[in-house]
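Quantities reported herein were computed from a predicted structural model and do not represent experimental measurements.
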Amino acid sequence: MDDRTTTFQQHTPRLYGLAYRMLGSRADAEDVLQEAYLRWHQTNTEGVRTPEAWLVTTVTRLCIDRLRAARVEREAYTGPWLPEPLLTGDAAPPDYRAELASDLSIAFLVVLERLAPDERAAFLLHDVFDCGYAEVARILGKSEAACRQMVHRARLRVRRDRPRFAVSESARTALLNQFVAAVNACDQDALLALFAEDATWTSDGGGQVVAARQVVRGAERLTRFVLGIARRVQGRATYQVAPINGEAGLIIRLDGRLH
């Protein structure tokens with residue numbers, strides 16, 4: 001293994017953490033890292049004083065380009081678009097878990113999706129990855145004052161759209177276990193009791209599995225929707241509570257295969 005490859009691998013967890021948060025897609029994040037790896041091997045490193053800074057700059061700019069292209073693609077996307085879930089449990093390498101430990105929930109990524117690409121990059125670099133404003137300005141090719149404004153606007157928006165209440169992992173896990181029990185029993189009353197009156201269900205099959213094309217709204221409609229699915233897959237489906245995007249989520253398998 002040559003020195004360039006070793007250097008790149010040392011910074012890969014941080015670069016992946018940045019790319020995934022920027023793009024909300026594992027496949028896109030991996031593509032960006034592959035492109036950054038090729039550019040790293042093609043560049044003249046004699047003029048590179050800090051490899052990490054060069055790599056972070058390259059990955060950030062590639063992500064911004066990818067986001068601008070993705071906005072056009074997602075206008076023609078069928079149904080709602082959601083960030084691609086990421087398993088963050090013990091299966092992930094320890095260095096990756098460290099870089100993906102916080103600010104990774106699907107709700108947070110959905111909020112980030114509402115920011116312009118440059119705003120998203122500035123906010124993540126400063127507030128999540130602890131880059132100073134001077135470094136953010138250098139990476140984005142903008143003035144420090146402009147970067148401060150972008151981070152301030154993004155921070156206000158993220159705080160405004162974040163959940164109003166913090167939920168403990170034990171409470172989240174208990175609720176998911178109650179949900180699984182109600183689904184397995186096809187218990188309409190138990191399911192209805194779990195949903196708030198204004199609850200919503202947003203699903204995105206990514207073009208690979210069947211998903212609702214519209215957001216399902218309201219406790220009663222949600223209950224009927226979930227029971228309809230449960231009855232179709234009864235006897236085939238198994239449910240497992242597991243860490244997804246840094247918090248308890250639900251993995252569903254059909255006939256033993258991840259669905």
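Applying the salt bridge (charged side-chain N to carboxylate O under 4.0 Å, His left out) rule to pairs touching residues 227-247 yields R172-E247, R236-D255, sequence neighbours excluded. Residue pairs meeting the ring-ring contact (aromatic ring centres under 6.0 Å, His included) criterion with at least one member in residues 232-258: none, sequence neighbours excluded. Among residue pairs with one or both ends in residues 48-70, those qualifying as ring-ring contact (aromatic ring centres under 6.0 Å, His included) are W40-W54; sequence neighbours excluded.
By the criterion of side-chain heavy atoms lying less than 4.5 angstrom apart, applied directly or through intervening Ile, Leu, Val, Met, Phe, Trp or Tyr residues, L227 is grouped together with F195 in one hydrophobic cluster.
Members clustered with Y133: V151, by chain and number, using a 4.5 Å side-chain heavy-atom cutoff among hydrophobic residues. Clustering of Ile, Leu, Val, Met, Phe, Trp and Tyr side chains at separations under 4.5 Å places I106 together with L82, V110.
In plain terms, the two heavy atoms of L222 and A199 that are nearest each other are CD1-CB, 3.5 Å. Across all non-hydrogen atoms, the minimal contact from A248 to V241 is CB-CG1, 4.2 Å. Across every non-hydrogen atom of V59 and A19, the tightest pair is CG1-CB, 4.1 Å. In terms of heavy-atom proximity, A121 sits nearest to M22 at CA-SD, 3.5 Å. H41 and R4 make their closest contact through O-NH1, 3.1 Å (heavy atoms, listed as atom of the first residue, atom of the second, distance). Minimum heavy-atom separation, P83 to L109: CG-CB, 3.5 Å.
Judged by distance alone, with hydrogens and angles left aside, the side-chain atoms of R61 form a donor-acceptor pair with the main-chain N or O of I139 at under 3.5 Å. Within the 3.5 Å criterion, the main-chain N or O of W81 finds no donor-acceptor partner in the side chain of D204. R157 places a side-chain N or O within donor-acceptor distance of the main-chain N or O of R114, the cut-off being under 3.5 Å. A donor-acceptor pair under 3.5 Å links the side-chain atoms of R14 to the main chain of F129, judged by distance alone. Between the side chain of E197 and the backbone N or O of G218 there is no donor-acceptor pair closer than 3.5 Å. Using modelled atom types, no side-chain atom of R221 and backbone atom of V216 make a donor-acceptor pair closer than 3.5 Å. Judged purely by atom type and a 3.5 angstrom limit, S105 uses its side chain to pair as donor or acceptor with the backbone of F108. The closest donor-acceptor contact from the side chain of T60 to the backbone of V56 lies under 3.5 Å.
Under the 4.5 Å side-chain criterion, counting only non-hydrogen atoms from C-beta, H126 is not in contact with R148. Annotation: side chain of E220 is in contact with side chain of L192 (closest heavy-atom distance under 4.5 Å).
For the side-chain contact (heavy atoms from CB on, under 4.5 Å) test with V180, the passing option among L175, L250, T238 is L250; the others fail. Each of D65, L23, L15 was evaluated against V32; a single residue qualifies, L23, per the side-chain contact (heavy atoms from CB on, under 4.5 Å) test.
Side-chain atoms of Y37 and T5 include a donor-acceptor pair closer than 3.5 Å.
Listed by chain and number, the residues in a salt bridge (charged side-chain N to carboxylate O under 4.0 Å, His left out) with R253 amount to none (sequence neighbours excluded). In this structure H152 satisfies the ring pair (Phe, Tyr, Trp, His ring centres under 6.0 Å) test with no other residue, sequence neighbours excluded. Applying the side chain to side chain contact (heavy atoms under 4.5 Å, CB included) test to E119 and every residue at least two apart in sequence or in another chain returns L115, A116, M150, R153. Here D187 pairs with nothing under the salt bridge (charged side-chain N to carboxylate O under 4.0 Å, His left out) rule; sequence neighbours left out. Remark: D189 pairs with no residue by the salt bridge (charged side-chain N to carboxylate O under 4.0 Å, His left out) rule, at least two apart or across chains. For R26, the salt bridge (charged side-chain N to carboxylate O under 4.0 Å, His left out) test picks out E84, with sequence neighbours left out. Judged as a side chain to side chain contact (heavy atoms under 4.5 Å, CB included), and not counting sequence neighbours, the contacts of S203 are W201, A211, A212.
Annotation: the span from L18 atom CG to L125 atom CG amounts to 5.5 Å, rounded to 0.5 Å. Interatomic distance, L38 CG to T58 OG1, rounded to the nearest 0.5 Å: 12.0 Å. We find the CG-SG distance between L191 and C186 to be 8.5 Å, quoted to the nearest 0.5 Å. For the atom pair I252 CD1 and H259 NE2, the distance stands at 7.0 Å (nearest 0.5 Å).
Between D127 and R155 there is a salt bridge, since a side-chain N of the basic residue sits under 4.0 Å from a carboxylate O of the acidic one.
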For R217 and D198, run salt bridge (charged side-chain N to carboxylate O under 4.0 Å, His left out): C-alpha distance rounded to whole Å, both residues' side-chain angles, the deciding distance at 0.1 Å, then the answer.
CA-CA 7 Å; R217 302 181 185 278; D198 59 349; over 6 Å; no

